Amino acid sequence: MENVWLARKFLARLPFETKRNVFKGDEFYCPVCDTKIQKFLNHLETGKPNSWCPICESEQRHRLDLLFFRKNTNLFDSNSKKMLHVAPELSIKPILEREKNLEYVTADLNDPDAMVKMDITEIQFPDETFDVIYCSHVLEHVIEDWKAMGEFYRVLKTGCWAVLQVPINVEVTEEDFTVDSDEERLRLYGQIDHVRNYGRDYKDRLEKAGFEVRVFKADEIVSKNALKQMSIAPEREVFFCKKN
Ligand SMILES: [Zn+2]
């Protein structure tokens, strides 16, 4: 496993053009770095096959979310917007940074590279600040997720939207806040820093915070053939949350 990490570290440092030459191919396509490649690599942490783009390091969910932004939202139109991106995905961040119409704010609790240090259960911005909020795979780490959802709702402008993604791995959400050891969290939730398994009722939690939620299946966003080519599982979903 250590060798795989080292190899990936080495790969990450190579210039984009070198990687494009090494992985050049016709079979697959990454919509994040806009490159045709011969294969996607296994996910570095989970080992899931056909996951990781060797060029930009996008994962399946990054590719799907970016496609969703492009095809189903106003994110890239010419109107200026203020966007909050929590725990920014490194493959997507440069694309958003380059976007001239975005006043782009990155936030994280621990990452010193983020523009603001933020506890999402207590956001330091006034009501109705943002036109767009994107927060992916963070809420499963947060005990008071209802507070964080309420804070996202508060700082979002009326009429605007958020994409709030979590892994859904059970039918009904499982959480037990008496669990207080890494071993137990690993056993119950698959990672030492996860505090629950979200189920199909995740949508209800978002609605309870005030959002109108529409769930888009991946194959509603792009065709099944395109999903295959971009190595995105068709059962993946995007939680599109509007503040009315
Ligand atoms: Zn890529």
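Keep in mind the model is a prediction, meaning the values are calculated, not measured.
Under the side chain to side chain donor-acceptor pair (under 3.5 Å) criterion, the residue pairs touching residues 86-96 are R61-E89, H62-S91, H85-E89, with sequence neighbours excluded.
Residues I192 make up the rest of the hydrophobic cluster containing L186, defined by ILVMFWY side-chain heavy atoms closer than 4.5 Å, directly or through other members. The hydrophobic cluster around Y189 extends to V179, L188, counting ILVMFWY residues whose side-chain heavy atoms fall within less than 4.5 Å of a member. V172 belongs to no hydrophobic cluster, as no Ile, Leu, Val, Met, Phe, Trp or Tyr side chain comes under 4.5 Å of its own.
Contacts of K117 classified as side-chain contact (heavy atoms from CB on, under 4.5 Å), with partners at least two apart in sequence or in another chain: none. With sequence neighbours excluded, no residue satisfies side chain to side chain donor-acceptor pair (under 3.5 Å) with D108. In this structure, D180 has no salt bridge (charged side-chain N to carboxylate O under 4.0 Å, His left out) partners at least two apart in sequence or on a different chain. In this view, T129 and K82, F125, P126 satisfy the side-chain contact (heavy atoms from CB on, under 4.5 Å) rule, not counting sequence neighbours. For E57, the side-chain contact (heavy atoms from CB on, under 4.5 Å) partners at least two apart in sequence or on another chain are A12, W52. In this structure Y153 satisfies the side-chain contact (heavy atoms from CB on, under 4.5 Å) test together with F211, K243, sequence neighbours excluded. Applying the salt bridge (charged side-chain N to carboxylate O under 4.0 Å, His left out) test to E207 and every residue at least two apart in sequence or in another chain returns K203. The salt bridge (charged side-chain N to carboxylate O under 4.0 Å, His left out) search around R196 returns D145, E175, not counting sequence neighbours.
Contact of the F16 side chain with the C56 side chain is registered, since non-hydrogen atoms from C-beta on lie closer than 4.5 Å. L11 is listed as a side-chain neighbour of K19, based on a closest heavy-atom distance under 4.5 Å.
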Under the side-chain contact (heavy atoms from CB on, under 4.5 Å) criterion, do F68 and V163 qualify, and how do the steps go?
CA-CA 10 Å; F68 179 79; V163 164; 3.9 Å; yes
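Remark: R205 is not positioned above the aromatic ring of Y198, lacking an NZ or CZ atom under 6.0 angstrom from the ring centre and at most 45 degrees off the axis. Annotation: cation-pi pair R214/F216 present, NZ/CZ under 6.0 Å from the ring centroid and within 45° of its normal.
Counting heavy atoms of neighbouring residues, nucleotides and ligands inside a 6.0 Å radius, atom CG of L90 does not exceed 12 of them. By the 6.0 Å contact criterion, NZ on K39 is open, its count of non-hydrogen atoms from other residues, nucleotides or ligands being 12 or less. Enclosure of atom NZ in K217 by more than 12 non-hydrogen atoms of other residues, nucleotides or ligands within 6.0 angstrom is indicated. By the 6.0 Å contact criterion, CZ on F177 is enclosed, its count of non-hydrogen atoms from other residues, nucleotides or ligands being greater than 12.
In this structure, the separation between NZ on K48 and CG on L41 is 15.0 Å, given to the nearest 0.5 Å.
At least one donor-acceptor pair under 3.5 Å links the side chain of R70 to the backbone N or O of P31. Side-chain atoms of H43 do not come within 3.5 Å of backbone N or O of S51 as any donor-acceptor pair. Not a single donor-acceptor pair under 3.5 Å links the side chain of E171 to the backbone N or O of R200. No donor-acceptor pair closer than 3.5 Å links the side chain of T35 to the backbone N or O of I37.
Nearest approach of A87 to V138, heavy atoms of both residues: CB-CG2, 3.7 Å. Scanning all heavy atoms of the two residues, the minimum distance from Q38 to V22 falls at NE2-O, 3.2 Å.
Between K81 and D77, at least one side-chain N (NZ, or NE/NH1/NH2) sits under 4.0 Å from a carboxylate O, which counts as a salt bridge.
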